[in-house]
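Each remark here refers to the structure printed beneath this line.
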Number of protein chains: 2
Amino acid sequence: MPASIGDVADRAGVSVATVSRALRGLPNVAPSTRERVLEAAATLGYVADARAAGLASGHTRTVGVAVPLIGPWFFSQVLAGVEAVVTARDLDVLLMTVDDAAGRERLAAGARLRGRVDGLIVVDIALTEAQKAELAANDLPAVVVGAEAEALPCVLVDNVEVGRTATSHLLELGHTRIALIGHAREDPLHFPVPEERRRGYHEALACAGIAPDPALEVDGNFSVAGGAEAATALLDRVDPPTAILAMSDEMAFGCLRVARQRGLAVPGDLSVIGVDDHDVSPAWDLTTVSQPVHRVGGQAAELLLAVMDAGATSPARIALPTSLRHRGTTGPPMVPTEPSPLGQDALR
Amino acid sequence: MPASIGDVADRAGVSVATVSRALRGLPNVAPSTRERVLEAAATLGYVADARAAGLASGHTRTVGVAVPLIGPWFFSQVLAGVEAVVTARDLDVLLMTVDDAAGRERLAAGARLRGRVDGLIVVDIALTEAQKAELAANDLPAVVVGAEAEALPCVLVDNVEVGRTATSHLLELGHTRIALIGHAREDPLHFPVPEERRRGYHEALACAGIAPDPALEVDGNFSVAGGAEAATALLDRVDPPTAILAMSDEMAFGCLRVARQRGLAVPGDLSVIGVDDHDVSPAWDLTTVSQPVHRVGGQAAELLLAVMDAGATSPARIALPTSLRHRGTTGPPMVPTEPSPLGQDALR
DNA sequence: GTGAAAGCGCTAACAA
DNA sequence: TTGTTAGCGCTTTCAC
């Protein structure tokens with residue numbers, strides 16, 4: 001049975017109100033009184049019950065972070081970014097994964113959230129417009145990461161541009177058969193992000209006058225193993241691609257593994273570009289489209305804190321920059337594919 | 001202003017007690033009544049306030065997870081493992097980082113924890129014996145990951161053996177100058193783990209009759225970049241090692257990067273072995289000592305739930321197995337170093 | 001099967 | 001500067 005505020009009050013010979021004030025550093029407490037209270041609390045090992053304090057004061061000193069998955073590098077980095085700024089404000093982080101439709105529905109409805117968090121960061125979870133509206137209608141301050149939102153502040157990168165940048169890079173190197181490894185459209189997680197990157201890929205191809213080949217778009221499950229499987233399928237084709245755009249560095253690693261196993265020269269026989277700029281990408285010398293992952297989390301947290309402080313702000317929309325990191329896994333195709341002057345011209 | 005239990009009671013024409021019972025699926029509620037309550041709650045969008053519910057019932061439905069860092073692969077995987085089992089029980093996860101002495105002290109004292117969590121998992125945080133005792137003395141159920149604990153259940157791998165296994169592997173291949181990349185001893189995080197791996201390394205060397213060379217033990221900060229720096233320093237020596245044992249795969253990646261940059265053949269000129277079996281290690285073909293990272297988290301969570309259920313159990317101590325994954329980055333040294341028959345003999 | 005009422009342990013007005 | 005007291009919104013006896 002832990003000591004309660006009443007125990008401290010008794011021991012210090014003051015009222016509970018004074019204890020409360022003294023312990024929280026509020027003004028209007030005589031120094032000598034405060035000292036006595038502090039001492040009593042210390043010897044009793046008193047810690048205020050967060051539920052009781054929160055119930056009485058109306059807040060929780062906690063922000064929720066909802067992610068579809070915890071394991072992948074991207075989410076762990078975003079989480080770290082959030083945690084850093086949230087902790088600096090002496091708030092806690094409640095972590096929750098929502099990876100199915102039911103979870104999304106509950107999240108939007110604010111179920112389980114009341115009395116648990118003062119604010120919410122939703123990372124890469126494909127809420128419907130109706131759900132976003134529902135979330136915004138909740139009194140709960142919330143910010144969305146990785147998706148546009150009407151009534152909610154959001155922080156994101158331009159993923160269409162990400163797809164375009166990566167694809168253009170390969171096109172400029174002279175590739176015309178460029179594969180895309182991404183996420184299955186009907187995936188239960190249903191990220192919004194892959195779809196946008198795919199659009200950028202299509203736009204860049206169209207710009208170069210190249211008709212997209214549906215056979216070159218495969219699912220890589222955003223994992224190393226998935227990327228390897230996808231690359232295997234692609235390279236087994238009679239008309240394999242000369243370059244692969246993987247929507248994450250982790251999938252790109254899988255591609256590189258397969259390339260090495262097959263004795264393919266990179267980038268001679270196969271160029272590979274990823275997205276993220278994963279910790280280990282420099283070590284692989286992987287060309288990639290870098291996004292400020294940690295900063296995404298930090299920015300989202302700062303935005304949320306601002307909303308929590310201000311009560312209500314005009315929904316901000318923060319776009320963070322991405323940039324091409326041209327490293328060693330992309331280069332011109334060694335054997336020129338069938339001449340395609342049209343494609344070449346379009347590049348200028 | 002969200003609907004309260006009273007609002008639901010009014011709308012359903014029953015008392016708050018009945019609403020509480022009906023919503024929580026307790027017995028002794030007439031089916032028709034329950035239905036009416038459910039409907040009222042649904043139309044009002046009622047969600048019970050977690051603080052109030054917790055305050056009245058005495059629990060929080062939350063478990064805390066304390067880690068020194070969030071970003072590194074190891075911690076994200078452990079966290080994922082914990083989250084999976086905790087979520088299955090419909091509990092939430094409160095994430096906290098403690099990365100300094102003050103934080104450790106607060107953690108042990110249970111500060112900030114009362115009324116926030118029903119149980120705590122402490123991952124790779126170097127508590128003193130006194131602090132562990134303090135933590136155990138708290139009424140709060142807790143389990144420790146990555147360190148021994150007297151009075152607390154713990155789950156760990158045998159990190160001495162990890163060091164020994166990796167080192168022996170290199171010795172058996174014929175290496176005699178084996179470097180160790182780990183963590184600086186005076187690091188503020190002060191993991192217990194690196195020290196144990198280092199001991200295993202020393203034991204294996206001793207077993208082979210090889211005197212450890214302090215110059216071959218360097219800090220790699222458990223990051224890719226740190227591993228690269230460490231490898232650079234090692235390879236710049238006049239008497240470079242022929243093999244490197246990195247205490248994490250991420251540091252090993254850094255080593256491989258440096259080796260490649262310098263045109264060193266792996267494993268011909270340099271063997272590299274890591275620890276973890278990181279997601280991308282198979283892609284690198286990295287030899288490593290694998291540990292069941294996800295399982296570590298899951299096991300810890302299960303242990304914690306058991307303690308929370310049982311009230312008190314005999315402090316379990318669960319050791320999870322590790323195993324050598326002999327892949328492509330380790331092999332015999334190409335140029336035999338100075339003959340060392342003694343070392344060779346000792347290997348049998 | 002249902003309701004009334006007493007807390008759970010705090011914070012915040014309001015008094016003094 | 002300090003104390004008294006009324007909640008915060010729920011759960012949980014204990015009656016009925």
Side-chain angles (χ1 to χ4, degrees), chain A residues 1-38 40-41 44-62 110-118 139-140, chain B residues 1-38 40-41 44-62 110-118 139-140:
Chain A
M1 209 66 199
S4 77
I5 196 173
D7 300 331
V8 179
D10 290 350
R11 190 167 228 281
V14 295
S15 72
V16 293
T18 300
V19 172
S20 178
R21 284 189 284 253
L23 257 28
R24 286 182 299 151
L26 297 188
N28 296 330
V29 178
S32 65
T33 308
R34 189 185 302 271
E35 194 173 339
R36 234 172 336 124
V37 171
L38 254 31
L44 258 37
Y46 170 72
V47 181
D49 184 297
R51 290 165 304 199
L55 189 55
S57 65
H59 56 49
T60 64
R61 302 204 63 71
T62 305
R112 295 188 66 61
L113 257 31
R114 190 159 86 101
R116 294 198 145 282
V117 301
D118 293 335
D139 49 349
L140 189 72
Chain B
M1 210 66 196
S4 77
I5 196 172
D7 300 331
V8 179
D10 291 349
R11 188 165 228 282
V14 295
S15 72
V16 295
T18 299
V19 172
S20 178
R21 282 189 285 253
L23 256 28
R24 286 181 300 149
L26 296 188
N28 294 330
V29 178
S32 65
T33 308
R34 188 185 305 271
E35 195 173 335
R36 232 167 344 119
V37 171
L38 253 32
L44 259 37
Y46 170 72
V47 181
D49 184 294
R51 290 165 304 198
L55 189 55
S57 66
H59 55 50
T60 64
R61 302 204 63 71
T62 305
R112 296 188 65 63
L113 259 31
R114 190 160 85 102
R116 294 198 144 282
V117 301
D118 293 335
D139 48 350
L140 190 72

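Just so we're on the same page: letters track the sequence lines, and every chain starts at 1. Just so it is clear, the values below take in all heavy atoms, side chains as well, and ignore hydrogens, waters and symmetry mates.
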Without decimals, in angstroms, what is the distance between [X] [atom1] and [N] [atom2]?
X: B/Asp118; N: C/dC8; atom1: CG; atom2: C1'; answer: 14 Å
X: B/His59; N: D/dC10; atom1: NE2; atom2: C1'; answer: 11 Å
X: B/Leu23; N: D/dC10; atom1: CG; atom2: C1'; answer: 12 Å
X: B/Arg51; N: D/dT11; atom1: CZ; atom2: P; answer: 14 Å
X: B/Asn28; N: D/dA15; atom1: CG; atom2: P; answer: 17 Å
X: A/Ile5; N: C/dC8; atom1: CD1; atom2: P; answer: 14 Å
X: B/Leu26; N: C/dT2; atom1: CG; atom2: C1'; answer: 13 Å
X: A/Tyr46; N: C/dG9; atom1: OH; atom2: P; answer: 10 Å

Can you give me the closest heavy-atom contact between [X] and [Y], atom names plus distance?
X: A/Leu26; Y: A/Arg34; value: O-NH2, 2.8 Å
X: A/Val19; Y: A/Val14; value: CG2-CG2, 3.7 Å
X: A/Ala9; Y: A/Ser15; value: CB-C, 3.8 Å

What's the closest nucleotide to the [X] side chain, out of [options]?
X: A/Val14; options: C/dT2, D/dG3, C/dC10; result: D/dG3
X: A/Ala30; options: D/dG3, C/dC10, D/dT1; result: D/dT1
X: B/Val16; options: D/dT11, D/dG9, D/dG3; result: D/dT11
X: A/Thr18; options: C/dA13, D/dT2, D/dG9; result: D/dT2

Is [X] near enough to [N] that one of its side-chain N or O atoms lies under 4.0 angstrom from OP1 or OP2?
X: A/Arg24; N: C/dA12; result: yes
X: A/Thr33; N: D/dT2; result: yes
X: A/Arg21; N: D/dT2; result: no
X: A/Ser4; N: C/dG9; result: no
X: A/Ser20; N: C/dC10; result: no
X: A/Ser57; N: C/dT11; result: no

- Would you state whether a donor and an acceptor, one from the side chain of B/Arg114 and one from the base of C/dG9, lie under 3.5 Å apart? no
Reckon [X] touches a base, only the sugar-phosphate, or nothing at all at heavy-atom distances under 4.0 Å?
X: A/Ala53; value: sugar-phosphate
X: A/Asp49; value: sugar-phosphate
X: B/Ala17; value: base

- Please check if the side chain of B/Arg36 supplies one atom and the backbone of B/Ala12 the other of a donor-acceptor pair under 3.5 Å.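 Present.
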- Item | Backbone N/O of A/Val29 and side chain of A/Thr33: donor-acceptor pair under 3.5 Å |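 Such a contact is absent between A/Thr33 side chain and A/Val29 backbone.
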- Query: So which one's nearest nucleotide on DNA chain C is more toward 5', B/Ala52 or B/Pro31?
  - Reply: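 Whichever sits nearer the 5' end wins; that is B/Pro31.
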- Query: Which comes earlier along DNA chain C counting from the 5' end, the contact point of B/Pro27 or that of B/Leu55, where each point is its nearest nucleotide?
  - Reply: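 It is B/Pro27, whose closest nucleotide lies nearer the 5' terminus.
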- Bending between helix ends of the helix from C/dG1-D/dC16 to C/dA16-D/dT1 [5 pairs per end, 10° resolution]: 30°
Quick check: do [X] and [Y] have side-chain heavy atoms less than 4.5 Å from each other?
X: A/Leu140; Y: A/Val117; answer: yes
X: B/Leu38; Y: B/Leu23; answer: yes
X: A/Pro2; Y: A/Val47; answer: no

- Give, for atom CZ of B/Arg114 and atom OG1 of B/Thr60, the distance between the pair rounded to the nearest 0.5 Å. 12.5 Å
